[in-house]
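Numbering of ligands and ligand atoms starts at 1, following listing order. Along the sequence shown, residues carry numbers from 1. Given the structure is predicted, the values throughout are model-derived calculations rather than measurements.
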Amino acid sequence: MDASEENNVKAVRRSKEEKKLLRKQIKASHTLLKHEGIHTTPQLTRSLVVANGGLGNSVSREELSAALKEMGEVESLLMPPHKPYAFVTYRCEESALKAYTHLNGQKLQCGESSVMLYLAYVNSVTYEEEASVPLPEGLVLLEDFVSPEEEALLLAAVDWSSTNEDVTAQKALKHRRVKHYGFEFRYDNNNVDKDKPLPAGIPAECLPVLERCLRNGQINVMPDQLTVNQYESGQGIPPHVDTHSAFEDTILSLSLGAKTVMEFRHPDGRVVAVVLPGRSLLVMKSESRYLWTHGITPRKFDMVPACEQQSPDHVTPEPGTRSNLTLSKRGTRTSFTFRKIRPEPCRCAFPSACDSQGAPSTLSPSTPSPPALPCCHADAARLEEEYVHRVYDAIASHFSSTRHSPWPRVCHFLSSLPPGSVLADVGCGNGKYLGVNPEMIAVGCDRSSALVQICAERGFHAFVSDALNVPLRTASCDACISIAVIHHFSTEERRLAAMRELVRLLKPGGHALIYVWAFEQEYNKQRSKYLKDHNKEHNGKENLTKNTSEDRREPHGKSAIQNSGHLEEGYEPVGKVTDGKLSVHTNRTAFNTQDLLVPWHLKEGKKPGEEESGDGVKRNKRKEKSKKVLTNQTRTDSNPGLSPGFDATMSPGLRLETDDATHSPGSKPSPSGTTQTSSSHLKSESESHLTAVFHRYYHVFHQGELEQLCSQVDGVKVQSSYHDQGNWCVILEKD
Ligand SMILES: O=C(O)CCC(=O)C(=O)O
Ligand SMILES: [Fe+2]
Ligand SMILES: [Zn+2]
């Protein structure tokens, strides 16, 4: 080939790449318009939207900012929380042009992974910032309360290596380790034995700090109880109210070491995230102490204001409504929580949260009533965000640790695909189907970035995507699978849209396999494993039986679900949507409604590292463990519709690196305030466990419903349909 031929080939290749880039860019612009209402323009302007360069893609402000600054002087960089895009405005158009030319279609390295950036000009940067939420009443954060020297002294005062556990009641909880001084706080009854002081009182090193608090008026009596919590990155404490009957009003929490974000939740759904820097003192009094829950979501990154000096309170509304946020990596944090034992019953002004005044244990945060079935697209999206996406992100690692047996009939479908077939697994979870047939090219996507991260760690190709809008070319796949995904869409319209999207990806003649959870758990006189396991539970497996029955009468379930004082209602299996609200299903029982919330329990109290991700041996071990301790819904590999698990997110061995969003599923109010229910709450449990209950939304399909849905999709026919262990399944073929 002579030089001119070579140049021609290069030019052709270049133009092919350019075309490809253009296509991708158009697609990105289209998505921005469709989902976010962002209009891009072909005209050169100073502002650009950077698709894939958002906090929602785990891109940090620093990383993006560094790349953008290389192109010219940046006037502003707006990174809306949780979004997969950012806006940049340059001082002049030349810089914007340079950024467009050099960064569009280029990879940005973020941490160990990279994202492909697509840039487009915008006429205006339209992102509505909401006013920041005030701190809960009675909450005060005092920064730099102790000096670095005092911090070192206090940290050194805690001897974690001590084997004399009786003295300080040291405990390795699953999500953190704790030591108690003065009195032990017992996680089994969420209270203290007031007549059993511990041999070790509050360490002398704390006294100067406490005296300062007395002098400054933060407290008016000397505390006599100290709990030291130590959190590694990825660990947390479930949302709770410190038991009223155990402790007096004021609670001091001194943060040492790495900063973290503590979320405060009001029963009306308001959530305030407070950044606690190292060496700061948090004073919780009155409403913030008695009524709001406080908790730390277990994750490895927090969203914090990008410019910390600006905001003395470090308050960010949740879900994030400020755009000047960045990701902050967590490190080890040690907190000293000082409290005064309460000798008499509490007579606070918050009886709904007061155990002395008849409310359930204070560790159960009060949360509002469950959501109603959505009546519009926006409501549906919010419901799914709260009751599907956040839950899966929260349970991702445990979910993954219990999902290792691929379903035989799904495997059969995959194995029968010819070598070289391109497969898309939409809603791939931990990727358990991506490696089934090594002869094919399999790519997965999932709405949960935490699960996608697990796929990546396992060496699978996966990306974060909503099933309604998969960024793959039309007709690019020989086969698609959607296993236990479509039942999480809360309107028929959205279920249909998900199906259409799946079909869009297929080549003519391509096949899609779809599994959804069935209303009919008994079919052809055969009960599904899901129901059968219920029987087992009633035949002697003691701790399982206990879990099941607890599900039914768990008193705190009540407060989480309906927030009233009658313990028996609200957590009963409810046969229909009552007063417009979704009902809560009782696990391992037959369904009696199609749209429901399936409770799911996260336990705290296991030893750290018990569930590590890793090889098959470890996984098997985990499975054994799981059998012993998991609550009823955790042994549900027999049904892909159920995400099993005790708390995985709090499991150190399985923590994910990219948990940017806040997570405690259910912990945030929806932006509109229409779905205010928390999808998780805490209950106290015996055996030193704390259990958080999560609720996932499901629409279980009646017989024939899946086929009926398929019939509304043009250009595809149902090749076969069947019932498989409590699921309705179809294989579609594209015309
Ligand atoms: O770590 C903290 O700051 C809070 C600890 C806490 O809430 C507790 O132990 O009750
Ligand atoms: Fe607390
Ligand atoms: Zn009280």
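- Within the model, atoms OG1 of T293 and NE2 of H240 stand 8.5 Å from one another, a figure rounded to the nearest 0.5 Å.
- Atoms of ligand 1 found under 4.0 Å from any heavy atom of R333 (numbered from 1 in listed order, with element): 1 (O), 2 (C), 3 (O).
- At the shortest separation from atom 5 (C) of ligand 1 among protein heavy atoms lies N229 ND2, 3.4 Å.
- The closest approach between any non-hydrogen atom of R176 and ligand 1 is not below 4.0 Å.
- Nearest to atom 2 (C) of ligand 1 among the protein's heavy atoms is S335 OG, 3.2 Å.
- Taking distance alone, with nitrogen or oxygen atoms compared against 3.5 Å, S253 approaches ligand 1 more closely than that limit.
- When heavy-atom distances to ligand 1 are checked against a 4.0 Å cut-off, H180 has no atom that comes that close, whether in backbone or side chain.
- Atom numbering of ligand 1 starts at 1 in the shown order; those under 4.0 Å from a heavy atom of R339 are 10 (O).
- Nearest to the Zn ion (ligand 3), among the N, O or S atoms that H244 has, is ND1.
- Summarising the geometry of A157 relative to Y181, their closest heavy-atom pair is O-OH, 4.3 Å, with the distance given to 0.1 Å.
- With a 4.0 Å cut-off on non-hydrogen atoms, L276 does not touch ligand 1 at all.
- Between E150 and R212 there is a salt bridge, with a side-chain nitrogen of the basic residue lying less than 4.0 Å from a carboxylate oxygen of the acidic one.
- Nearest protein heavy-atom contact of atom 1 (O) of ligand 1 is Y231 OH, 2.5 Å.
- For the atom pair D249 CG and S286 OG, the distance stands at 6.0 Å (nearest 0.5 Å).
- Shortest contact from atom 7 (O) of ligand 1 to any protein heavy atom: H294 NE2, 2.9 Å.
- Just one residue in the list K340, R342, R347 forms a salt bridge (Lys or Arg N to Asp or Glu O under 4.0 Å) with E248, and that residue is R342.
- In this structure, CD1 in I237 is found 11.5 Å from OG1 in T297, a value given to the nearest 0.5 Å.
- Taking the six-membered ring where tryptophan is involved, the planes of W292 and H266 are perpendicular, since the angle between them exceeds 60° and thus also 30°.
- In this structure, M284 has no heavy atom closer than 4.0 Å to ligand 1.
- Between R390 and E385 there is a salt bridge, since at least one side-chain N of the basic residue sits less than 4.0 Å from a carboxylate O of the acidic one.
- Figure legend: cation-pi geometry between R339 and F185, with NZ or CZ positioned under 6.0 Å from the six-membered ring centre and within 45° of its axis.
- Every atom of ligand 1 with a heavy atom of D242 under 4.0 Å away is listed here by number and element: 10 (O).
- Angle NE2 (H240) to the Fe ion (ligand 2) to OD1 (D242): 90°, rounded to 10°.
- At the shortest separation from atom 10 (O) of ligand 1 among protein heavy atoms lies H240 NE2, 3.0 Å.
- No hydrogens or angles considered: nothing links the side chains of E143 and S280 as a donor-acceptor pair under 3.5 Å.
- Atom 6 (C) of ligand 1 has its closest protein heavy atom at I237 CD1, 3.7 Å.
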Open item on the list: Please evaluate residues D242 and R289 with respect to the criterion salt bridge (Lys or Arg N to Asp or Glu O under 4.0 Å), reporting the C-alpha separation (whole Å), side-chain torsions for both, the decisive distance (0.1 Å), and the verdict.
Closed with: CA-CA 7 Å; D242 287 22; R289 178 264 183 269; 5.9 Å; no

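- A heavy-atom distance below 4.5 Å is found between the side chains of H294 and F264.
- Rounding to the nearest 10°, we obtain 100° for the angle at the Zn ion (ligand 3) between C348 SG and C346 SG.
- The Fe ion (ligand 2) is closest to atom NE2 of H294 (considering only N, O or S atoms).
- In this structure, the protein non-hydrogen atom closest to atom 4 (C) of ligand 1 is M262 CE, 3.6 Å.
- Residue-level proximity to ligand 1 for F185 is absent, since no heavy atom of it falls below 4.0 angstrom.
- With respect to the salt-bridge test (charged N to carboxylate O, under 4.0 angstrom), the residues R299 and E263 qualify.
- The proximity of V178 to ligand 1, defined as any non-hydrogen pair under 4.0 Å, does not occur for either the backbone or the side chain.
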